Amino acid sequence: MKLATWNVNSLKVRLPHLLDWLAAAQPDVVCLQETKLTDDAFPAAEIAAAGYQAAWSGQKTYNGVALLSRAPLSSRSPGRPKNDLAPTGGGSDDFPEPGALTEVQAGIPGFEDEQKRVLAATVDGVRVVCVYIPNGQAVDSDKYHYKLRWLGALTAWLADELKRHPRLALLGDYNIAPDDRDVHDPAAWEGQILVSERERARFQGLLDLGLQDAFRRFEQPEKSFSWWDYRAAGFRRNLGMRIDHILLSAPLAAGCTACVIDKAPRKLERPSDHTPVWAETS
DNA sequence: ATGGCTGCTTTGAGCAGA
């Protein structure tokens, strides 16, 4: 199963890039962040025409997450958007069709949050959790404390999810660079947002659940990043950060054969500031 | 040293992103 994550920074603007990338990369499951679309505006028909069923949870202007799953020919039904909090046509949750998104959950249960940042679903026995972790803006700001509180709630919920779903993958924009290797200029960024000690401790808290950073299971090029600032020619100069991650529970990590940052979409005209990351698991 | 770009917003300057 090829699992991918991509912060598209407006699905309305980036839909052509997404459709091209689905055709080129052929992922089985895709987690999208920053769709910035209300639910009624989600481009379900275009995505269905590309062979993917979808679930989504959005809002106006900010945030917004979605899950795509490559649907086998038999269960494709173009023109019937299937945001299946109440699944239709994918079989029952007990006997889902291959590729079906079941047990769809938006948000962290019990954590009040108007911001649409979490979407989980089960696909072929894998619990896939798509997250857009808060940015935090500046260390010790209100948004920073919200980020830390949010990560605490996520971690507590995932501890529970892992009991029921030993095969679990957590993908998304974490807004945390876990290590100095993941920062173009660690000295300049020391103690700043995305790299502060408390943020990195929360990332470690996710690893302490038994999750593993798929990217670091393999030898990787130096200065591998997943986001580059639009300003100051960040991409051309490779002034980036690795803040988009795929964490896998032990059974999935054991069967993981590759994890790659695909820089191709970042080279296109009018790109997202993030580029896709994918992992292949058996 | 600073800000540098992009997307969005009841449209136009300000916010947010990271």
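Nothing here was measured: the structure is a model prediction, and the numbers come from that model. Just so we're on the same page: letters track the sequence lines, and every chain starts at 1.
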Colleague: Tell me what N175(A) touches on the nucleic acid: a base, only sugar-phosphate, or nothing, going by heavy atoms under 4.0 Å.
Modeller: sugar-phosphate
Colleague: Using atom C1' of each nucleotide, how far apart are dT10(B) and dC15(B) to the nearest Å?
Modeller: 16 Å
Colleague: Can R242(A) be said to sit on top of F225(A)'s aromatic six-ring, NZ or CZ under 6.0 Å from centre and within 45° of the ring axis?
Modeller: no
Colleague: Using a heavy-atom cut-off of 4.0 Å across all strands, would you classify D244(A) as base, sugar-phosphate, or nothing?
Modeller: nothing
Colleague: Using a heavy-atom cut-off of 4.0 Å across all strands, would you classify Q192(A) as base, sugar-phosphate, or nothing?
Modeller: nothing
Colleague: Take atom P in dT6(B) and the same atom in dT11(B), then report the distance between them in whole Å.
Modeller: 23 Å
Colleague: Which pairs, with at least one residue in residues 192-206 of chain A and sequence neighbours excluded, count as a salt bridge (Lys or Arg N to Asp or Glu O under 4.0 Å)?
Modeller: D140(A)-R198(A), K147(A)-E199(A), D180(A)-R200(A)
Colleague: Holding to side chain to side chain contact (heavy atoms under 4.5 Å, CB included), I want the full list of residues that pass it with R181(A), two or more places apart in sequence or in another chain.
Modeller: D179(A), R216(A)
Colleague: Measuring only the C1' atom in each nucleotide, how far is dA18(B) from dG12(B)? A whole number of Å is fine.
Modeller: 24 Å
Colleague: Indicate, with a heavy-atom threshold strictly under 4.0 Å, whether K143(A) touches base, sugar-phosphate, or nothing.
Modeller: sugar-phosphate
Colleague: Got a sec, which residues hit salt bridge (Lys or Arg N to Asp or Glu O under 4.0 Å) with D244(A), two or more places apart in sequence or on another chain?
Modeller: none
Colleague: For R167(A), check salt bridge (Lys or Arg N to Asp or Glu O under 4.0 Å) against everything at least two apart and list the hits.
Modeller: none
Colleague: Would you classify R237(A) as touching base, sugar-phosphate or nothing, given that sugar-phosphate means primed atoms plus P, OP1 and OP2, and contacts are heavy atoms under 4.0 Å?
Modeller: nothing
Colleague: Report the residue (L11(A) or N63(A)) whose heavy-atom-nearest nucleotide on DNA chain B is the more 5′ of the two.
Modeller: L11(A)
Colleague: Does the side chain of P178(A) come within less than 4.5 Å of H245(A)'s, by heavy atoms?
Modeller: yes
Colleague: Using a heavy-atom cut-off of 4.0 Å across all strands, would you classify F235(A) as base, sugar-phosphate, or nothing?
Modeller: nothing
Colleague: Taking syn as within 90° of 0 and anti otherwise, name the glycosidic form of dG4(B).
Modeller: anti
Colleague: Considering only the C1' atoms, how many Å lie between dG14(B) and dA1(B), rounded to the nearest integer?
Modeller: 24 Å
Colleague: For I193(A), report the nucleic acid contact type (base, sugar-phosphate, nothing); a contact means any heavy atom under 4.0 Å.
Modeller: nothing
Colleague: With heavy atoms of chain A within less than 4.0 Å as the criterion, where does contact along DNA chain B begin and end?
Modeller: dG4(B) to dA18(B)
Colleague: Could you measure between the two P atoms, the one in dC8(B) and the one in dT2(B), and give it in whole Å?
Modeller: 30 Å
Colleague: Give me each pair satisfying salt bridge (Lys or Arg N to Asp or Glu O under 4.0 Å) with a member in residues 261-273 of chain A, each pair once, sequence neighbours excluded.
Modeller: none
Colleague: Would you mind telling me which residue lines up with the more 5' stretch of DNA chain B, L194(A) or Y230(A), judged by nearest nucleotide?
Modeller: Y230(A)
